[in-house]
Each structure stands twice: as structure tokens, then as C-alpha cells.
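Just so you know, ligand 1 is whichever comes first in the structure, and atom 1 is the first atom listed for that ligand. The figures here come from the full heavy-atom set of this structure, side chains too, leaving out hydrogens, waters and symmetry mates.
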Amino acid sequence: MSSTEKKAGPGGSLPETVSYSEYLRLDDLLGAQQPRCEAAGVPAHDEMLFIIVHQAYELWFKQVHHELDSVLAAFSREQVDEAGLGTVVHRLDRVIEIQQLLVQQIRVLETMTPLDFLDFRNLLSTASGFQSWQFRLLENKLGLPEEQRLRYSERRYSSYFPEAIRGKLESSERNTTLFSGVQAWLERTPFLELGDFRFLDAYAAAAERMLEADRETVRRSTLISDEERQVRLKMIDGTAANFESVIHADRHEALVKEGRRCLSHKATIAALFINLYRDEPILQMPFNLLQALVEIDEGLAHWRSRHTQMVLRMLGRKIGTGGSSGFEYLRDTVDRHRVFMDFFDLATCLIPRSELPELPEGVREQLRFHFSD
Ligand code: HEM
């Protein structure tokens, strides 16, 4: 060991001192902004901003992958360590905060006007955000299925990438995703059937009581005409059909086949149980996890929507450098490229706390943290 090195742990050695610049590799980092307008000899002041904003995004994407990889490792185990669930939620909360930043950064880029952009747009050639492999990898790790992707040509999205990256992207499609990991974890939820208690039966009866009370209110109302009464009763039938699609596994599976649901019936029921009884101590962390999924999905949709508006402002209806229709393509991804919609849809099937079936004492005891000899 030289005098400037010291042991850093088992088998490792590090220089004894390191400066700020060395630690952060600032020479590499700050040398990585090379506006093409300089090489081309054309003035384009805003190209520097364009590069730095994109690079900042890619750095944040890297951090998001760092968080997601550790979360996916937890969900890849046969049994998710319940004690580790707090860490999983904490890391997903960090992803949510980063997403907020990603949305805000769009404002900075919007200080560039469409005319300023045109100063250097042709220098981008065919380079496009569509080729951000970290973004594609993010979609895959969340669990966006290939068949749900919008295509703007006959080619698969992965065919636009060099071979090494394509391999990475395609293997991420086969690995555990946040969606598949959470689904498998939900399917293992205990408490849904304990002793004589059958959650689904108790829930179905409570939903029916609630709908009947709604029907009765409409029937007795003196404030609406008979015609309006029929319309309201029909609306309640529509709500009842929604409940039935959750209660009856076969109806749920039919919706899965039609592509209107993704989550399995078993996982959906578990997620419903967690949402309804989330005040029970043992369900609080699982509930926070489900909330985090909803936030991440919403955060990404929010970014897509803001990016789409920015593109409209910068390009109008011009086609993108990546070859898409530009605005129209991006606008359609906002609704199509969603991963956790089933968790949003659960809200349709919630019943008020006052109607919630009481859990039998034995089940409640198991849902509370208690000390015993
Ligand atoms: C002046 C600013 C920008 C313009 C005009 C613009 C334009 C576009 C266009 C037209 C597309 C569609 C694909 C294509 O045909 O090229 C696209 C896709 C994309 N852009 Fe941007 N973009 C801008 C800034 C950004 C920034 C700052 C990011 C951050 C990383 C970004 C990330 C992406 C991503 C990830 C896609 C793929 C979206 C998808 O396929 O779902 N863009 N962009």
C-alpha cells in the first residue's frame, strides 16, 4: 500500500484524499456539453440550455433506476420481507419527488422560444428523446406491456436502439417489473379468508346494501320528475355493474381479456381490502405502497402531458426528429402508456367507512401490532 492510499474495506483501496472536482469527476461532467452550433459555426445561444436540460434529465433517470432496481430486487424474492416494505415505500417516495422536479424543468426549457430552437434544430439530425434508452427502460421496469405501446411505424420500439441497448431493453421486459412484482405480492395477501370470515362475501353484501339505500333515496325523492328518476336508477345500475365486475372473478377475467383490466382478480381483491381497511396498523404500509404506485403513474402521465404541450409550443404540428407525427403521437401516449390504471379504478368500488363490514375480532387482532408472551 502506497503512502497516499489506505484500506477502504475488505479488499479495496482508495486514495487518502480526494478533491471536490475529483470526487464528482467534474472534468468529465463539464466537458460533456458540446453544442453542435459551435462546430457548425452558426450562432445558437440556446443550444447549451437544450443540452444541459437533457443531460440533467438523464442523470435523474439514472437515479430513478438506482431506486427502482433496489425495489425490484425486493419484489423478486419469493417472500417480500415485510420489514423491508418501509424502505421500498421510502425509495418510491423519492422517485415521486424526482418526478416533480422533472416536470418543473420543462419551465426552464420553455424560456427558449420556437424561433431560438430553430437556430439549431436541424443540427439535431435524427436525434430524438424517443431514443432515450433510460426512459424506455423506465417504462419497462414499471411494467408497460409491449402490446400497449403506441407504434408510429411497423418496427418495435427496441429496434431503434443499438444491439447492446436492445438486449438490455428486451431483458427488462422479461424480468420482474414493478407491476408484476406488486401483483404477485398482493396475490399472497393473507387475511382475505380467515376462519369463517370471507372478505369478498362481506364486501358484496355491504355494496348491495349501499346501492339499495341509494335506489330507495331516488325512489322516494319528491324533487325529481319520474323521467329523471328512471335516469338516476339506470345510473345506479351502472355503478352496480362496476361492483359486480370486481366481485365476480369471471366478469373480471372477461375485462382482462378485453384489455380493460390488467391486474389479476386475486390481486384486485387484495388491493381493495388494503384500501378499505387501511386504518388497521398492519395495512398502513401496504396502503402507502399502493398510493406510491398511483402517484408514480400520475407523475409520469403529468410529465408526458407537459412535454406534449411544450412540443406543441416549440414545433406546432411539425413532425418530430425521431420520425413521429410529433404532437399527436405524444398526446396519445398520455392515456395509452399507463401502467397502474387498475389501482385508480379501485376508487369506483370503494364504499364509505360507515358501510364497511366490521371485521371479526379474530381478524382485527391479527391486523394489529400486539405483544404476547
Ligand atoms: C424543445 C424541446 C423538445 C422538443 C421539441 C421535443 C420533441 C419531441 C418529439 C417530437 C418527440 C416524439 C418523437 C419524435 O418524433 O422525435 C419527443 C419524444 C420524447 N422526448 Fe422530447 N422534446 C423536447 C424536449 C425533451 C426533453 C427535455 C426531454 C427529457 C429527457 C425529452 C424526452 C423525450 C422522450 C423520453 C420522448 C419519447 C416519448 C415517448 O415515445 O413516449 N424531450 N420529443
*Is it true that the side chains of Tyr329 and Thr308 contain a donor and an acceptor less than 3.5 Å apart?*
no

*Give the ring-plane orientation class for Phe243 versus Tyr203, where under 30° counts as parallel, over 60° as perpendicular and anything between as tilted.*
tilted

*State whether a side-chain donor-acceptor pair under 3.5 Å links Arg91 with Ser70.*
yes

*Take the angle between the ring planes of Tyr157 and Phe161 and call it parallel below 30°, perpendicular above 60°, tilted in between.*
perpendicular

*With side chains defined as the heavy atoms from C-beta onward, is the minimum distance between Asp46 and Thr111 less than 4.5 Å?*
no

When you check ligand 1 against the protein, what N or O pairs turn up below 3.5 Å? List the atom names and distances, or just say none.
unit_1	atom_1	unit_2	atom_2	d
ligand 1	15 (O)	Gly322	N	3.4
ligand 1	15 (O)	Gly323	N	3.3
ligand 1	15 (O)	Ser324	N	2.9
ligand 1	15 (O)	Ser324	OG	2.7
ligand 1	16 (O)	Ser128	OG	2.7
ligand 1	16 (O)	Gly322	N	2.8
ligand 1	20 (N)	His307	NE2	2.9
ligand 1	22 (N)	His307	NE2	3.1
ligand 1	40 (O)	Arg136	NH2	2.5
ligand 1	40 (O)	Tyr329	OH	2.6
ligand 1	41 (O)	Arg304	NH1	3.0
ligand 1	42 (N)	His307	NE2	2.9
ligand 1	43 (N)	His307	NE2	3.1

*Should the pair Glu67-Arg94 be classified as a salt bridge under the 4.0 Å nitrogen-to-oxygen rule?*
yes

